[in-house]
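Quick note: residue numbers are just sequence positions, from 1.
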Amino acid sequence: MKRRTVLAGIAGAAATAALPARAQQDQFGSKELIAAAEKEGGLTLYTADFAETQQEVIKEFNKRFPKIKVAMVRAPGGQLITRIKTEAAADKLGADVVNHSDRGLMLDIADLFQDYAPPNAADYRPDSLVSPKLWPGVTLGWAIAYNTQLVKNAPKTWMDLTKPEYKNKQIGQVIGPSGGTTWTRIMFERQVLGEDYWKKQAELGIALYPSGAPLSDALVRGEVSIAPLLYNIIYTKIVEGAPAEAIFAPEGVPIVPYADGVTKASKNPNAAKLFMNWRLSKEGQTFMINKLGNITSLKEPPAYPKGWDPKVVKVWVPKFDEFSKLRNSWMEEWNKTYGYRQ
């Protein structure tokens with residue numbers, strides 16, 4: 001399967017390389033935009049994503065556009081929004097591009113972003129957008145991961161995670177209030193798997209973790225055997241040889257489209273737009289799927305992660321009005337059901 005993924009990436013790169021020069025320009029922007037971006041020579045990216053992941057994205061962008069340097073500022077989601085608001089209030093917002101996982105928080109500050117749309121805007125799922133200014137440069141998806149040395153009867157569905165054979169803290173879980181990605185997962189559990197899913201699972205005794213990074217480490221170390229995880233978090237560990245595997249369950253894959261935008265305060269608007277155009281292009285999305293274990297919000301995915309069967313896997317995107325409206329009351333109920341106290 002790894003070989004197939006690698007071959008898909010090579011095929012995608014080869015197809016892109018074979019495009020005429022004009023077609024490549026159109027894919028990423030006009031000749032004039034590219035020239036103006038290269039004259040600016042750089043941009044500043046604020047991101048709530050993993051620094052290591054974004055560094056890989058920047059490296060790949062620079063293979064295509066080596067004249068444009070990208071400075072990165074990374075912070076957890078809530079802290080990043082606070083920083084953006086504080087800087088904007090002082091008329092000192094330093095970001096040219098913001099990349100954020102919580103569409104709700106980004107929608108609240110949408111007036112800080114300028115009008116923007118990538119050349120392939122029509123190729124994106126409408127339900128992945130919360131504003132015409134904010135685009136899903138990154139899309140992540142939830143999978144079920146397990147330690148291959150500890151689990152003899154691996155789960156095959158989300159409902160399997162309510163089976164008594166996995167009781168006594170074999171299952172690890174990221175706490176509901178950790179952020180927008182986890183809120184998406186627990187919305188999916190209640191709306192698709194049933195109102196009693198949380199109760200059935202909590203009765204098994206669940207080990208709770210503050211975020212996906214320490215939970216994925218705990219899975220690899222064998223502290224827990226099974227864990228719902230964002231696929232990209234465990235994918236890189238699997239590639240590096242960790243004793244783990246991950247599946248996409250047939251009931252659905254909750255996906256988390258990010259909300260990325262170009263700020264009105266941008267001092268490098270052309271470089272910012274070109275960077276966004278590349279991330280949202282078929283080339284950029286293919287790289288992030290094959291190299292980083294991302295999913296995509298493109299209507300027709302250019303590639304699939306390992307184990308993703310498009311004939312079986314169903315993508316689930318939360319309705320945004322419910323994403324905002326239900327959060328507080330359902331989160332309180334989730335905390336009570338799982339015995340979590342902040």
State, with a plain yes or no, whether a side-chain heavy atom of R83 is found less than 4.5 Å away from one of V73. yes
Under a 4.5 Å cut-off applied to non-hydrogen side-chain atoms, are R74 and P76 in contact? yes
Quick one: side chains of residues 317-330, donor-acceptor pairs under 3.5 Å with protein atoms, not counting sequence neighbours, listed by atom name and distance.
{"from": "E322", "atom 1": "OE1", "to": "Q191", "atom 2": "NE2", "distance (Å)": "3.0"}
{"from": "R327", "atom 1": "NH2", "to": "D102", "atom 2": "OD2", "distance (Å)": "3.3"}
{"from": "S329", "atom 1": "OG", "to": "L326", "atom 2": "O", "distance (Å)": "3.4"}

Within-4.5 Å side-chain heavy-atom neighbours: P305 and I295: yes
Roughly how far apart are L274 CG and S30 OG, rounded to 0.5 Å? 9.5 Å
Can you check side-chain contact (heavy atoms from CB on, under 4.5 Å) on L298 and E300, steps first, answer last? CA-CA 5 Å; L298 284 166; E300 297 184 11; 5.9 Å; no
Quick one: does any side-chain atom of E40 pair with a main-chain N or O of N270 as donor and acceptor, under 3.5 Å? yes
As an exercise, state the distance from CG of L204 to OG1 of T162, rounded to the nearest 0.5 Å. 7.0 Å
Contact between P126 and K299 at the side-chain level, heavy atoms closer than 4.5 Å - yes or no? yes
Check whether any side-chain heavy atom of T236 lies under 4.5 Å from a side-chain heavy atom of E52, and answer yes or no. no
Over all heavy atoms of both residues, which pair between P155 and I144 is shortest? Give the atoms and the distance, please. CG-CG2, 3.9 Å
side-chain contact (heavy atoms from CB on, under 4.5 Å) between I206 and Y166, worked out: CA-CA 9 Å; I206 301 296; Y166 300 134; over 6 Å; no
Any side-chain heavy atom of I175 within less than 4.5 Å of one from Y338? no
Grab the two heavy atoms, one from T296 and one from P302, that are nearest each other, plus how far apart they are. CG2-CD, 4.3 Å
Are any of the side-chain heavy atoms of D26 and P119 separated by less than 4.5 Å? no
Testing the basics here: between S178 and P210, what is the closest heavy-atom pair and its distance to 0.1 Å? CB-O, 3.3 Å
Between the CE atom in M187 and the CH2 atom in W334, the distance rounded to the nearest 0.5 Å is 15.5 Å
In this structure, CD of E165 is separated from CG of D160 (nearest 0.5 Å) by 7.5 Å
Show me the side-chain donor-acceptor pairs of residues 243-262 shorter than 3.5 Å, one per line, residues at least two apart or across chains.
{"from": "E245", "atom 1": "OE1", "to": "K306", "atom 2": "NZ", "distance (Å)": "3.1"}
{"from": "E245", "atom 1": "OE2", "to": "K306", "atom 2": "NZ", "distance (Å)": "3.4"}
{"from": "E251", "atom 1": "OE1", "to": "W158", "atom 2": "N", "distance (Å)": "3.0"}
{"from": "E251", "atom 1": "OE2", "to": "W158", "atom 2": "N", "distance (Å)": "3.1"}
{"from": "E251", "atom 1": "OE2", "to": "M159", "atom 2": "N", "distance (Å)": "3.0"}
{"from": "D260", "atom 1": "OD1", "to": "N99", "atom 2": "ND2", "distance (Å)": "3.0"}
{"from": "D260", "atom 1": "OD1", "to": "H100", "atom 2": "N", "distance (Å)": "3.4"}
{"from": "D260", "atom 1": "OD2", "to": "N99", "atom 2": "ND2", "distance (Å)": "3.2"}
{"from": "D260", "atom 1": "OD2", "to": "G137", "atom 2": "N", "distance (Å)": "3.3"}
{"from": "D260", "atom 1": "OD2", "to": "R279", "atom 2": "NH2", "distance (Å)": "3.3"}

Over 60° means perpendicular and under 30° means parallel, so classify the ring planes of Y124 and W135, tilted if in between. perpendicular
In short, R221 meets E223 closest at the heavy-atom pair NE-OE2, 2.7 Å
How about T181 and S101: does a side-chain donor come under 3.5 Å of a side-chain acceptor? no
Tell me which donor-acceptor pairs under 3.5 Å the side chains of residues 225-232 have, and how far apart each pair is, sequence neighbours excluded?
none

Are Y340 and Q173 linked by a side-chain donor-acceptor pair shorter than 3.5 Å? no
May I ask you to decide if P66's main-chain N or O and K69's side chain share a donor-acceptor pair within less than 3.5 Å? yes
D96 (side chain) donor-acceptor with S266 (main chain) under 3.5 angstrom: no
Quick one: does any side-chain atom of N120 pair with a main-chain N or O of L280 as donor and acceptor, under 3.5 Å? yes
For K59 and E56, what are the C-alpha separation, side-chain angles and deciding distance, and is it a salt bridge (charged side-chain N to carboxylate O under 4.0 Å, His left out)? CA-CA 5 Å; K59 282 182 193 173; E56 292 294 324; 3.8 Å; yes
To check you understand the geometry: which heavy-atom pair defines the closest contact between Q114 and P269, and what is its length? NE2-CB, 4.4 Å
Carboxylate-amine/guanidinium contact K291 E60, below 4.0 Å: no
Inspect the surroundings of NZ in K167 and state if more than 12 heavy atoms from other residues, nucleotides or ligands are less than 6.0 Å away. no
Please report the C-alpha distance between Y46 and I84 in whole Å, then the side-chain angles of each, then the deciding distance to 0.1 Å, and finally whether the side-chain contact (heavy atoms from CB on, under 4.5 Å) criterion is met. CA-CA 9 Å; Y46 282 14; I84 292 169; 3.9 Å; yes
Just verifying a value: how many Å separate I186 CD1 and T337 OG1, rounded to the nearest 0.5 Å? 9.5 Å
Pair D217, K237 - check salt bridge (charged side-chain N to carboxylate O under 4.0 Å, His left out), show working. CA-CA 9 Å; D217 289 340; K237 291 181 170 62; 3.4 Å; yes
Heavy atoms of L43 and A271 approach each other most closely as CD2-O, 3.4 Å
Starting at CZ of F50, measure out to CD1 of I233 and round the result to the nearest 0.5 Å. 4.0 Å
Can you confirm whether Y197 sits close enough to L161 that some side-chain heavy atom of one is under 4.5 Å from a side-chain heavy atom of the other? yes
Closer than 3.5 angstrom, by distance alone: can the side chain of Y116 be matched with the main-chain N or O of T263 as a donor-acceptor pair? no
Verdict with supporting geometry, E333 and K336, salt bridge (charged side-chain N to carboxylate O under 4.0 Å, His left out): CA-CA 5 Å; E333 188 175 337; K336 183 178 179 182; over 6 Å; no
Which is it for D309 and Y304 under the side-chain contact (heavy atoms from CB on, under 4.5 Å) test, yes or no, and what are the steps along the way? CA-CA 8 Å; D309 183 349; Y304 296 104; over 6 Å; no
Is it the case that more than 12 heavy atoms not belonging to K264 sit under 6.0 Å from its NZ atom? yes
Take a 6.0 Å sphere around CG of D91 and say whether it holds more than 12 heavy atoms from other residues, nucleotides or ligands. no
